[in-house]
Number of protein chains: 2
Amino acid sequence: MAAAKTARGRIAPLAEEDTLSLGERAYRRLRESIVQGVLPAGHKISERSLAVELGISAQPVREALRRLEQDGMVVTLPRRGTVVAEVGPAQLGELGRIRAALEGVATALAAERMDAGSIAAIAAILKRMQAGTEARDTDALDEANEEFHALIHRATGNLFLMRSLGSLRAYDNLGRHRAVGSTPRDLPKALAEHKGIVAALKKRDPALAEARMRHHVLRSLVTNGVLPPPPRKERRT
Amino acid sequence: MAAAKTARGRIAPLAEEDTLSLGERAYRRLRESIVQGVLPAGHKISERSLAVELGISAQPVREALRRLEQDGMVVTLPRRGTVVAEVGPAQLGELGRIRAALEGVATALAAERMDAGSIAAIAAILKRMQAGTEARDTDALDEANEEFHALIHRATGNLFLMRSLGSLRAYDNLGRHRAVGSTPRDLPKALAEHKGIVAALKKRDPALAEARMRHHVLRSLVTNGVLPPPPRKERRT
DNA sequence: GGCTGCCAACTGCTATGGCAGTTGTCCATG
DNA sequence: CATGGACAACTGCCATAGCAGTTGGCAGCC
C-alpha cells in the first residue's frame with residue numbers, strides 16, 4: 001500500500017498533493033501504519049513529535065488519534081500519553097467473530113436491496129476468482145476478495161456497517177500479517193463458498209446469504225489460525 | 001457507588017466525573033441532545049456558534065463532531081457545514097438488525113467467560129425484572145433492562161463491542177422516542193426471553209445464548225414497531 | 001545507602017487567530 | 001423584470017501558543 005516503507009516506529013511525512021483534509025490523511029496513514037506493523041503494539045505516540053514527523057500541526061494529529069481511539073487501535077491516558085493498543089490473539093479472535101456477524105447482516109441486507117448492476121458486478125468478480133483459483137494467483141485472489149466484500153458492504157448503503165467493517169477488516173490484515181507466510185488457505189473451498197453466497201444473493205434469500213457469509217468468514221478465520229477449530233457441531237435454537 | 005471502603009487513615013480516590021476533558025463532555029452532551037430530539041435531524045450545527053453556546057472553544061467541539069461523524073450521527077460537508085444525520089425508519093431498522101447481531105455475539109462471548117459473580121449479578125437483575133413485570137412498573141423494567149444488557153457487554157471485556165453497542169443503543173432510544181407512548185410491549189414474553197438467556201449463560205452454551213439474545217432483540221424491535229413482522233419462518237443452512 | 005523533595009522536560013488539552021473555500025445577498029447591467 | 005457578478009458573511013480547517021498535569025532524575029538530607 002501507500003504507507004511509505006520506513007524504519008520501525010518512524011512515519012514518513014505526508015504528501016501535499018491530495019485534497020483530503022490533513023486530519024483524514026493522518027488518520028488513514030496512522031491506521032495503515034498500525035496494521036502494517038510499522039507502529040508496533042505498545043509503541044508510545046506523542047502528538048507533537050508525530051506532528052513534526054508528518055510535517056503538519058499537532059491538531060489534525062490529535063484528531064486522528066481520537067478517532068483511532070474510538071476504533072480501539074490506540075489508548076490514551078489523559079496527560080500521560082498515547083499508546084498503540086495491544087491486540088492479542090484472543091482479542092483478534094473476538095474481533096473476527098464480530099466481523100463474521102456483521103458481514104452476515106451486511107450480506108442479508110445486500111440480498112434484499114442489491115440492484116441488477118451490482119449483482120452483475122459481483123458475478124464478474126466471481127469469475128475472476130475462478131480464474132485466480134485455477135492459476136493459484138493469490139495476489140489477484142486477495143484483490144478480488146477485497147472487492148467482493150467491499151461491493152457487498154457498499155450495496156447495503158449503511159454507513160455504520162461500512163465504517164465498522166472497515167475497522168474490522170483492518171484488524172484482519174493485522175492478523176494475517178502476524179501469521180506471516182503460514183497461510184495455506186483452502187482456495188477451492190473459499191471459491192465454492194463465494195459461489196454459494198452469490199447464488200443466495202441472486203435468489204434474494206437474506207437468511208441463506210447471511211448464514212453462508214458468516215460461515216465463510218468464520219471458516220477462513222479458522223484456516224488462517226485466528227480462530228480455533230469449532231469444538232462441536234452447530235446448535236439449533 | 002459511595003465512598004470506597006478504605007482502611008483507617010486511608011484516603012478514598014477522587015471522583016473522576018469532574019475531570020473529564022471538554023471534548024469528551026461535548027461529545028456526550030451532543031450525542032444525548034441528538035438522541036433526545038433536542039437537535040432534530042437536518043439541524044445545522046456550526047462549530048463556532050455551538051462553541052459559544054457551550055461556553056468553550058471551537059476545538060473540543062470540532063473534536064466531538066468528528067467523533068459523532070464516525071458514529072454516523074452527523075454528516076459534514078467540507079467547508080459547507082455540519083448537519084445532524086437523517087435516520088429514517090428504514091435505517092433505524094437496519095441498525096436494529098445490526099444491534100441484534102452484535103448483542104448476539106456479545107452474549108456468546110459472555111457465556112464463555114462470565115465469572116460466577118457476574119452470573120449472580122445478572123440473576124439478581126432477573127429477579128428485579130420478575131418483580132417489575134408483575135408490578136407492571138415499566139420504569140423499573142427499563143432500568144433493569146439497561147443494566148441487564150450493560151452487564152453482558154461488560155462481561156465480554158471487548159472494547160470494540162462495547163463502543164459499537166453503546167452507539168447502537170443510542171439509536172434505539174431515538175427509535176423509542178419517536179414511537180412516543182405507543183409501546184404496548186409484551187412484558188411477560190420479554191421476561192421469559194431474559195430468563196432463557198440467563199439459563200443459557202449458566203449452562204455456558206454460547207451458541208444457544210447467542211441465538212436467544214438475537215431473537216430477543218429482534219422480537220423487541222418488532223413489537224416496538226422498528227422492524228416489520230418476520231415474513232417467513234426461519235431458514236436453515 | 002536510602003529516602004525525600006524539587007525541578008526540568010515531557011505529556012495531553014484548550015484557546016486564539018487566521019486561512020481558504022462556500023453561499024447568499026444586493027446592486028449594476030442588459 | 002430578469003440576469004450576472006462582486007462582496008460580505010458565513011463555513012470547516014489548520015497553525016501557533018500557552019496551560020496544567022505527569023514523570024524521571026538529581027541534588028540534598030537523614
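By the 4.0 Å N-to-carboxylate-O rule, A:Arg97 lies too far from A:Glu103 to be salt-bridged with it. For the pair B:Arg128 and B:Glu146, the salt-bridge criterion is not met [side-chain N within less than 4.0 Å of a carboxylate O]. A salt bridge is absent between A:Arg67 and B:Glu69; no separation between the charged side-chain nitrogens and carboxylate oxygens falls under 4.0 Å.
Counting heavy atoms from C-beta on, the side chains of B:Leu22 and B:Val61 never come closer than 4.5 Å.
Within 6.0 Å of CZ on B:Arg29 lie no more than 12 heavy atoms contributed by other residues, nucleotides or ligands.
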B/S/- contact track for nucleotides 6-17 of chain D, protein heavy atom under 4.0 Å: -----SBBSBB-
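Side-chain contact check for A:Tyr171 and A:Glu94: no donor-acceptor pair (N or O, by modelled atom type) lies under 3.5 Å.
Between A:Tyr27 and A:Leu68, the closest heavy-atom pair is CE1-CD2, 3.6 Å.
Relative to the axis of its first five pairs, the axis of the last five pairs of the helix from C:dG1-D:dC30 to C:dG30-D:dC1 sits at 10°, rounded to 10 degrees.
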